[in-house]
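Working notes, beginning with the structure itself.
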2 protein chains.
Amino acid sequence: MTKALPSTSRSLPISLLRAREEVMGPIRAMLADVGITEQQWRVLRVLEERGAMEPTRIAEQACLLLPSLTRILQKLEQRALIQRRQDESDKRKQIVQISAAGSEVIAQNLDTSIALTEQVRDRLGVERYEMLLDLLKELSEGGAAPSED
Amino acid sequence: MTKALPSTSRSLPISLLRAREEVMGPIRAMLADVGITEQQWRVLRVLEERGAMEPTRIAEQACLLLPSLTRILQKLEQRALIQRRQDESDKRKQIVQISAAGSEVIAQNLDTSIALTEQVRDRLGVERYEMLLDLLKELSEGGAAPSED
DNA sequence: GTAATTTATTAAACATGTTAAATATATGAC
DNA sequence: GTCATATATTTAACATGTTTAATAAATTAC
């Protein structure tokens with residue numbers, strides 16, 4: 001008797017989308033002032049946080065597909081927010097590094113960004129906020145159930 | 001002392017994105033077989049579920065921006081999955097309706113779609129699943145805190 | 001009733017999402 | 001060493017996301 005699709009308003013994919021739009025709105029507004037997109041911001045953040053790395057790893061961390069990342073890196077390089085060099089031991093790879101100007105962009109937006117994050121956390125309450133992050137993590141981690149023989 | 005950005009792996013926007021990618025993966029695979037995108041599917045679902053309506057309301061329900069919806073409706077109309085007519089009382093508006101062929105597409109994918117939804121719900125457990133939906137709803141609803149004088 | 005304003009939709013331009021194919025270098029089989 | 005295969009990145013093509021502007025009809029002010 002549970003054999004019906006959830007109404008679109010109770011659909012998990014749509015709920016995830018709506019929630020994300022709500023959270024991203026103010027962040028996008030902030031970044032628009034600097035002329036940077038949400039995705040470009042993610043790439044810069046990953047590089048600042050974890051240091052230089054190759055595109056494939058950036059894509060994983062920033063949750064981007066490689067073709068998208070290719071174009072994003074081209075634009076970030078044009079604007080001198082990153083630097084690229086070839087990996088000497090494996091010439092298929094390259095190593096991408098954030099530049100001083102790139103770090104500068106992050107620094108400029110850090111305070112607002114932190115404030116927006118805290119605002120959302122306070123709105124839900126810390127416990128519910130952490131619970132939400134845990135549930136999301138659980139969702140994105142487990143592909144298959146542990147018992148599958 | 002809490003004045004630092006969460007690591008990207010603990011960032012709410014990125015967590016929402018990752019979770020959504022995980023959930024959408026199998027659904028996209030299903031729809032790809034019929035040559036329909038995730039967004040086209042959302043539009044058809046909304047029209048099937050709530051009946052004919054104008055684009056502005058479709059956009060709200062399906063969580064799409066109007067310019068995107070314009071293009072999507074053009075393609076759905078080309079494939080005869082929807083019909084459009086002008087609203088007689090207000091000629092700025094139009095009324096969009098799913099066609100028999102459109103309902104057919106939904107019917108074809110209904111069982112798989114329900115199965116995938118249940119699979120996710122079972123993975124989290126019903127209680128945690130409902131809790132997640134509630135948290136997401138809360139996130140996407142409240143813009144400002146109630147007390148702001 | 002006409003001008004200014006508002007509302008519904010579309011168009012345009014650029015960035016990204018998504019899938020498939022191309023390119024270049026590495027690795028392994030022999 | 002040569003060939004087949006695998007890996008890292010890019011290109012191509014089409015769909016959507018996002019912001020701003022254009023268009024058309026409706027509403028309001030007067």
Side-chain angles (χ1 to χ4, degrees), chain A residues 13-14 16-18 20-22 24-44 53-60 62-79 81-82 84-96, chain B residues 13-14 16-18 20-22 24-44 53-60 62-79 81-82 84-96:
Chain A
I14 293 184
L16 289 166
L17 192 51
R18 279 191 212 286
R20 186 163 197 282
E21 287 312 294
E22 180 74 24
M24 281 309 301
I27 300 179
R28 275 203 206 100
M30 168 188 82
L31 296 176
D33 295 340
V34 203
I36 282 205
T37 67
E38 171 195 337
Q39 293 84 351
Q40 291 167 358
W41 172 251
R42 285 214 300 277
V43 170
L44 292 179
M53 64 181 83
E54 64 262 32
T56 299
R57 280 214 294 153
I58 298 175
E60 287 169 8
C63 203
L64 291 166
L65 296 180
L66 269 168
S68 299
L69 183 60
T70 294
R71 291 171 303 209
I72 292 169
L73 291 179
Q74 287 165 353
K75 272 155 205 159
L76 290 176
E77 189 173 33
Q78 283 169 16
R79 294 179 57 179
L81 300 178
I82 60 164
R84 295 202 266 189
R85 63 175 189 277
Q86 217 177 23
D87 183 316
E88 285 308 319
S89 68
D90 186 341
K91 290 182 182 170
R92 292 170 306 181
K93 297 183 186 175
Q94 54 184 283
I95 298 173
V96 184
Chain B
I14 293 183
L16 289 166
L17 191 51
R18 279 191 212 285
R20 186 163 197 283
E21 287 310 295
E22 181 74 24
M24 282 309 300
I27 299 179
R28 274 203 207 99
M30 170 189 79
L31 296 176
D33 293 341
V34 202
I36 283 206
T37 68
E38 171 194 336
Q39 293 84 352
Q40 292 167 356
W41 173 250
R42 286 214 299 276
V43 171
L44 293 179
M53 63 181 84
E54 65 261 33
T56 299
R57 281 214 293 152
I58 299 176
E60 288 168 7
C63 202
L64 290 166
L65 295 179
L66 269 167
S68 298
L69 182 60
T70 294
R71 292 172 303 207
I72 291 169
L73 291 179
Q74 287 165 353
K75 272 156 206 160
L76 290 177
E77 189 174 31
Q78 283 169 17
R79 294 180 56 179
L81 301 178
I82 61 165
R84 296 202 265 188
R85 62 177 189 276
Q86 218 177 22
D87 182 316
E88 285 308 319
S89 69
D90 185 342
K91 291 182 181 170
R92 293 170 306 180
K93 296 183 186 176
Q94 55 185 283
I95 298 174
V96 184

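Lettering follows sequence order; numbering is per chain, from 1. Quick caveat, the model's predicted, so the values are computed rather than measured.
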Q: Extract, from 5' to 3' on DNA chain C, the first and final nucleotides lying under 4.0 angstrom from some heavy atom of chain A.
A: C:dA15 to C:dA26
Q: Kindly state each residue pair satisfying salt bridge (Lys or Arg N to Asp or Glu O under 4.0 Å) with at least one member in residues 26-44 of chain A, sequence neighbours excluded.
A: A:R20-A:E38, A:E21-A:R28, A:R28-A:E38, A:E38-A:R42
Q | Residues in salt bridge (Lys or Arg N to Asp or Glu O under 4.0 Å) contact with B:R84, at least two apart in sequence or another chain | A | B:E77
**Q.** side-chain contact (heavy atoms from CB on, under 4.5 Å) partners of B:D87, counting only residues at least two apart
**A.** B:S89, B:D90, B:K93, B:I95
Q. Going 5' to 3' along nucleotides 7-13 of chain D, which nucleotides have protein heavy atoms under 4.0 Å from the base (write B), which only from the sugar-phosphate (write S), and which from neither (write -)?
A. BSBBBBB
Q) Looking at residues 26-37 of chain A, who's got a heavy atom less than 4.0 Å off DNA chain D? A) A:R28
Q: Provide the closest heavy-atom pair for A:W41 versus A:I36 in the form atom of the first, atom of the second, distance.
A: N-CG2, 3.8 Å
(Q) According to side-chain contact (heavy atoms from CB on, under 4.5 Å), who are the partners of B:T70, at least two apart in sequence or on a separate chain? (A) B:Q74
Q: Mind checking side-chain contact (heavy atoms from CB on, under 4.5 Å) for A:P55 and listing every partner two or more places apart, or none if nothing turns up?
A: A:L66, A:L69, A:L73, A:Q94, A:V96
Q: Supply the atom-to-atom distance A:M24 CE to A:L17 CG, rounded to the nearest 0.5 angstrom.
A: 12.0 Å
Q) A:Q40 or A:Q86: which one's nearest nucleotide on DNA chain C is closer to the 5' end? A) A:Q40
(Q) Nearest 0.5 Å, please: how far is CD1 in B:I14 from SG in A:C63? (A) 7.5 Å
Q) Just wondering, do B:I72 and B:K75 contact through their side chains at under 4.5 Å, heavy atoms? A) no
(Q) Let's go through B:L44 and B:L81 carefully: what are the C-alpha distance in whole Å and the side-chain angles of both, what is the deciding distance for side-chain contact (heavy atoms from CB on, under 4.5 Å) to 0.1 Å, and is it a yes or a no? (A) CA-CA 8 Å; B:L44 293 179; B:L81 301 178; 4.2 Å; yes
